[in-house]
Structure formats: structure tokens, C-alpha cells
Amino acid sequence: MPELPEVEQARRVLEHALDRRIVAVDDTDEWVCRPHPPGEIASVLVGGALTAAHRRGKTMWCDTRDPHGDEGPTLGVHLGMGGRIVVTDAEHDQAPRKPEWNRFTVRFDDGGELRLFDKRRLGRVRLDPDVDALGPDAEDITAAELRTRLGRSHAPLKARLLDQKVLSGVGNLLADETLWQARLSPSRPSDELDRTEVNRLHRNLERALQAAIANGGVHTGRIIEHRHPGATCPRCGAPMVHGTVGGRSTWWCEKEQR
DNA sequence: AACAATGTTCAGTC
DNA sequence: GGACTGAACATTGT
């Protein structure tokens with residue numbers, strides 16, 4: 001489920017893992033921990049602690065402290081398509097339903113654990129991720145900045161919204177929701193939007209983000225339940241149409257979204 | 001069984 | 001080189 005709102009939620013969970021002494025790390029999933037060989041992440045974390053949890057777009061990272069109290073590398077965590085962060089306290093560990101889906105685990109001296117739980121295995125853990133390659137966080141970007149960045153390309157609007165280098169945090173569902181709210185076609189060439197349209201897009205991006213965070217996830221968006229064959233636009237009743245835009249499955253109201 | 005899935009990345013093309 | 005597209009990636013659910 002992870003788009004910006006879900007990742008922000010996960011980041012807050014991560015905060016429960018801060019300032020606890022690390023006694024063991026399971027980094028043996030070579031796919032999830034690539035390019036680090038097994039044991040490499042463990043060797044820099046064991047004996048130290050996580051000291052802060054940050055997020056930009058869908059990427060999270062923790063600052064670390066080594067056993068001597070000096071600053072260590074950052075620990076990057078990405079949830080991929082369906083990952084979750086689980087942090088357990090002391091002995092009160094829920095019966096782990098599918099332990100084989102724990103792709104990365106940090107154990108603390110109090111017996112609790114931090115886990116990346118990810119059945120699809122598209123999540124990722126790595127040291128010192130390049131967060132500066134990401135565009136501004138979708139929550140912070142200004143209308144002016146959005147206009148500049150959209151104006152640099154005539155790729156389809158939705159493809160630009162999904163490009164994490166343009167702005168970070170928007171995923172497939174949030175893109176469809178925002179475009180529907182803003183009454184803009186996903187396939188409009190990005191650089192053809194006029195100032196009024198970019199402002200409308202920006203306003204509705206803010207609204208959609210705010211609503212998703214308040215309501216517990218992007219799946220609570222108004223258009224999401226209408227992304228299926230036979231569905232109609234909840235505003236005008238016209239049939240929802242489906243296609244591929246920016247390489248992703250896309251649903252929109254052809255009548256209203258221009 | 002074939003296909004799609006809320007994400008990223010890499011190879012290939014223009 | 002930059003911009004853009006589509007397939008690949010690992011796995012599960014329909």
C-alpha cells in the first residue's frame with residue numbers, strides 16, 4: 001500500500017525503534033539488502049543504535065550511532081510495493097503470522113525487534129541511500145516549483161507525477177486520485193498545462209494527500225473504488241475509462257478530465 | 001493458468 | 001547526452 005501517506009505512517013512506527021541498543025541484525029536476504037553482502041549492514045549496526053527516522057517521498061532512512069557514540073552511516077528503508085514496518089516492544093511480540101516474510105530484522109537488547117515485513121520482497125534496505133536524487137517531497141512542493149518541474153517535459157502528466165525525481169511520494173493510486181480531483185487528463189502533455197491548471201493540480205494534490213493521511217491511506221481516496229471495469233464517475237456518472245499511462249494501470253473520467 | 005498488483009530500475013530507442 | 005518507453009525484477013492473489 002505504500003505511497004507517501006503510508007510511508008509517513010511507517011516512519012512514525014520507526015520512531016519506536018530509536019535509541020535502543022542493537023544486539024543483532026538479520027541482513028541475509030541478498031535481494032532486499034543489495035548491493036550489501038550478508039553481514040555488512042549488521043557489522044555497522046550491531047552495538048550501536050538508530051537515532052532519528054526521516055522520510056522523503058517514499059524513502060525512509062535512519063541516522064545511526066556506532067558503539068563509540070559516533071555518527072554512523074544512514075540506514076535506508078523502502079517499502080516497495082507492499083512492505084510494512086513492524087516494531088515490537090520487549091517480550092510482547094504478537095505471534096508472527098508469516099515469519100518468512102520478514103526480510104530484514106534488527107534486534108534490540110530489550111528483546112524487541114524492528115522488521116521489514118514484505119511478502120512481495122520488493123522492499124529494500126541499504127546503507128546511505130542517495131536521497132538527494134529524489135525531487136521535493138509532495139507534501140512540501142510549492143505550486144511554483146511544481147510548474148517549473150512539469151514545464152520541463154512533455155511526457156504525459158501522470159508519468160511526471162509518478163517520477164520520483166520530479167517530486168517524491170506520489171504513487172499510482174494517489175496520481176489517479178489527484179488527477180480526477182483536479183479534472184485533468186493523465187495523458188495531457190506535462191508542459192502544456194497553463195498556470196491555472198498547475199495551481200488546480202497543486203491544490204488538489206495537497207488536498208488528496210491531507211485526506212489520505214487523515215483517513216489512513218491512499219486507498220481511502222474518492223476515486224479508488226471506481227477503478228474497475230463498469231465503474232462510473234462518482235461526480236458525473238460517465239463511465240470510467242482505463243488505459244496505461246506512464247507504464248501504469250490508469251483509470252479516469254474521460255468526460256471531466258481534460 | 002494467465003494476468004495484474006499501491007514500486008523502482010535498467011536496457012533500449014529516438 | 002537527455003528524454004522517454006517498456007520490460008524486468010520477486011512474489012502473491014485473483
Side-chain angles (χ1 to χ4, degrees), chain A residues 1-11 28-36 55-61 76-85 97-104 116-126 129-135 137-138 148-180 186-192 205 208-209 211-213 215-231 240 242-252:
Chain A
M1 309 142 37
E3 298 186 33
L4 189 155
E6 288 82 2
V7 179
E8 175 55 23
Q9 216 170 316
R11 190 199 62 78
T28 52
D29 189 317
E30 295 185 63
W31 173 254
V32 169
C33 296
R34 71 191 184 285
H36 306 290
R55 178 191 64 75
R56 179 160 176 177
K58 306 172 200 169
T59 296
M60 298 178 280
W61 69 97
V77 181
H78 198 292
L79 299 177
M81 201 85 117
R84 289 180 39 204
I85 295 296
R97 200 54 72 89
K98 287 274 191 180
E100 68 271 30
W101 290 349
N102 289 325
R103 310 298 183 180
F104 175 81
L116 172 61
F117 181 84
D118 177 17
K119 59 180 169 190
R120 279 174 69 184
R121 217 180 169 206
L122 286 171
R124 194 163 175 187
V125 175
R126 63 173 314 172
D130 181 14
V131 293
D132 292 330
L134 296 168
D137 191 88
T148 305
R149 286 169 171 265
L150 292 177
R152 287 190 204 135
S153 154
H154 34 296
L157 179 54
K158 182 177 176 183
R160 299 299 285 166
L161 291 177
L162 292 176
D163 186 340
Q164 306 297 298
K165 296 187 287 299
V166 175
L167 76 168
S168 59
V170 177
N172 200 29
L173 295 184
L174 192 55
D176 276 7
E177 174 73 14
T178 300
L179 290 168
W180 178 76
S187 45
R188 269 287 287 287
S190 171
D191 59 354
E192 279 184 14
L205 173 61
L209 270 171
I213 291 171
N215 299 331
V218 291
H219 63 278
T220 60
R222 269 192 75 198
I223 202 59
I224 306 307
E225 57 184 310
H226 302 278
R227 296 174 83 260
H228 63 82
M240 295 291 290
H242 179 254
T244 298
V245 183
R248 306 301 304 277
S249 177
T250 303
W251 294 85
W252 72 99

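Chain identifiers are assigned alphabetically (A, B, ...) following the order of the sequence lines, protein sequences preceding nucleic acid strands; residue numbering begins at 1 within each chain.
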Q: Spell out protein contact along nucleotides 9-14 of chain C as letters: B when the base is contacted, S when just the sugar-phosphate is, - when no protein heavy atom is under 4.0 Å; keep the 5' to 3' order.
A: SBBS--
Q. Which is it for A/Arg248 and A/Asp176 under the salt bridge (charged side-chain N to carboxylate O under 4.0 Å, His left out) test, yes or no, and what are the steps along the way?
A. CA-CA 10 Å; A/Arg248 306 301 304 277; A/Asp176 276 7; over 6 Å; no
Q) According to a strict under-4.0 Å criterion, is A/Arg248 in side-chain N/O contact with OP1 or OP2 of B/dG7? A) yes
Q: Compare all side-chain heavy atoms of A/Glu6 with those of A/Arg84 and state whether any distance is below 4.5 angstrom.
A: no
**Q.** Rounded distance in Å between the P positions of B/dC3 and C/dA7
**A.** 13 Å
Q | Short side-chain N/O contact to B/dG7 OP1/OP2 from A/His78, under 4.0 Å | A | no
Which atom pairs link the protein and nucleotides 12-14 of chain B when you take only N or O atoms and keep those under 3.5 Å?
none

Q: Give A/Gly80 one of three labels, base, sugar-phosphate or nothing, depending on what nucleic acid heavy atoms sit under 4.0 Å from its own.
A: sugar-phosphate
Q: Looking only at side-chain atoms of A/Ser153, point me to the closest of B/dG7, B/dT8, C/dC4.
A: C/dC4
Q: Report the base-pairing partner of B/dT6 (Watson-Crick or G-U wobble, both distances below 3.5 angstrom), or none.
A: none
Q) Would A/Arg55 and A/Asp137 count as a side chain to side chain contact (heavy atoms under 4.5 Å, CB included) if you check the C-alpha gap in whole Å, the side-chain angles of each, and the deciding distance to 0.1 Å? A) CA-CA 9 Å; A/Arg55 178 191 64 75; A/Asp137 191 88; 2.6 Å; yes
Q: Could you give the distance separating C/dA10 and B/dA11 at their P atoms, to the nearest angstrom?
A: 15 Å
